[in-house]
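See structure below.
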Amino acid sequence: MPVDATLPYDDANVFARILRGEIPATIVHEDEYAVAFRDIAPQAPVHILVIPRGAYVSWDDFSARASDAEIAGFVRAVGTVARAAGLVEPGYRLLANVGAAGGQEVPHLHVHLFGGAPLGPMLAQGAARARAR
Ligand code: 5GP
């Protein structure tokens with residue numbers, strides 16, 4: 001179910017639980033500002049989620065409230081993870097869903113990193129709409 005990204009942070013969300021070590025995840029990167037782990041239901045040969053350590057509901061919340069150090073640390077971590085996964089030369093895609101229309105399901109900011117194969121049109125729905133025009 002998509003979430004309302006304008007609600008206050010819910011400390012019981014699944015990524016908060018992964019950060020606290022309460023549930024397992026295949027972690028591929030950890031630093032002061034970010035943690036990255038494999039998506040439990042991958043939608044590409046490589047599908048990694050990168051999350052900030054701080055309690056931010058969405059990209060909107062993060063971009064409005066996070067410190068410059070947190071923002072820099074998180075953005076650098078996304079790049080580090082992509083490089084370490086060997087995604088730069090073949091290319092990859094970043095995605096952050098925000099709120100209901102974006103289809104965000106977990107209310108802790110996460111950037112999806114997709115790669116390992118040609119990823120097709122940017123939005124499947126958009127391609128279908130474009131074809132119908
Ligand atoms: P969203 O739709 O919020 O952008 O994406 C949430 C993502 O989190 C989905 O791709 C989903 O497969 C992934 N996910 C949900 N629960 C878990 C979990 O417990 N562990 C991991 N590793 N990924 C999860």
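Along the sequence shown, residues carry numbers from 1. We count ligands from 1, going down the list as the structure has it; atoms in each ligand are counted the same way.
Taking every non-hydrogen atom of Asn97 and a distance limit under 4.0 Å, the qualifying atoms of ligand 1 come out as 1 (P), 2 (O), 4 (O). Which parts of ligand 1 touch Glu105 is read off a 4.0 Å heavy-atom cut-off, strictly below it: atoms 1 (P), 2 (O), 3 (O). For ligand 1, the atoms closer than 4.0 angstrom to any heavy atom of Ala41 are 12 (O). Using a 4.0 Å cut-off to heavy atoms of Gly103, the atoms of ligand 1 that qualify are 2 (O). Atoms of ligand 1 lying under 4.0 Å from any heavy atom of Phe15, numbered from 1 in the order shown and given with element: 8 (O), 24 (C). Set against the non-hydrogen atoms of Phe37, the atoms of ligand 1 under 4.0 Å away are 22 (N). Listed by atom number, the atoms of ligand 1 under 4.0 Å from His112 heavy atoms are 1 (P), 4 (O), 5 (O), 7 (C), 10 (O). Proximity to His110 (heavy-atom distance under 4.0 Å) selects the following atoms of ligand 1: 1 (P), 3 (O), 4 (O), 5 (O), 6 (C).
More than 12 heavy atoms of other residues, nucleotides or ligands sit less than 6.0 Å from atom CZ of Arg65. Environment of CZ in Arg93: crowded, with over 12 heavy atoms of neighbouring residues, nucleotides or ligands closer than 6.0 Å. Sparse packing is recorded around CD of Glu89, with 12 or fewer heavy atoms of other residues, nucleotides or ligands lying under 6.0 Å away.
The option from Val14, Ile18, Asn13 that lies nearest to atom 16 (N) of ligand 1, judged by heavy atoms, is Val14. Residue Ile40 holds the heavy atom nearest to atom 18 (C) of ligand 1 of all those in Ile40, Val98, Leu95, Val106. Of the candidates Asp39, Ile48, Val111, it is Asp39 that places a heavy atom closest to atom 9 (C) of ligand 1.
Remark: aromatic rings of His108 and His110 are distant, center separation not under 6.0 Å.
Here the protein heavy atom with the shortest distance to atom 22 (N) of ligand 1 is Arg38 O, 2.9 Å.
Between Phe15 and Phe37, the ring planes lie perpendicular to each other; the angle is over 60°, past the 30° to 60° tilted range.
Only the side chain of Leu49 comes within 4.0 Å of ligand 1, judged by heavy-atom distances.
Side-chain contact between Ile48 and Asp39 is absent, with no heavy-atom pair separated by less than 4.5 Å.
Remark: the Asp60 side chain and the Ser58 side chain contain no N/O donor-acceptor pair separated by less than 3.5 Å.
Pairs engaging residues 60-84 under the ring-ring contact (aromatic ring centres under 6.0 Å, His included) rule: Tyr56-Phe62, Phe62-Phe74 [sequence neighbours left out].
Through chains of ILVMFWY side-chain contacts below 4.5 Å, Val57 is grouped with Tyr9.
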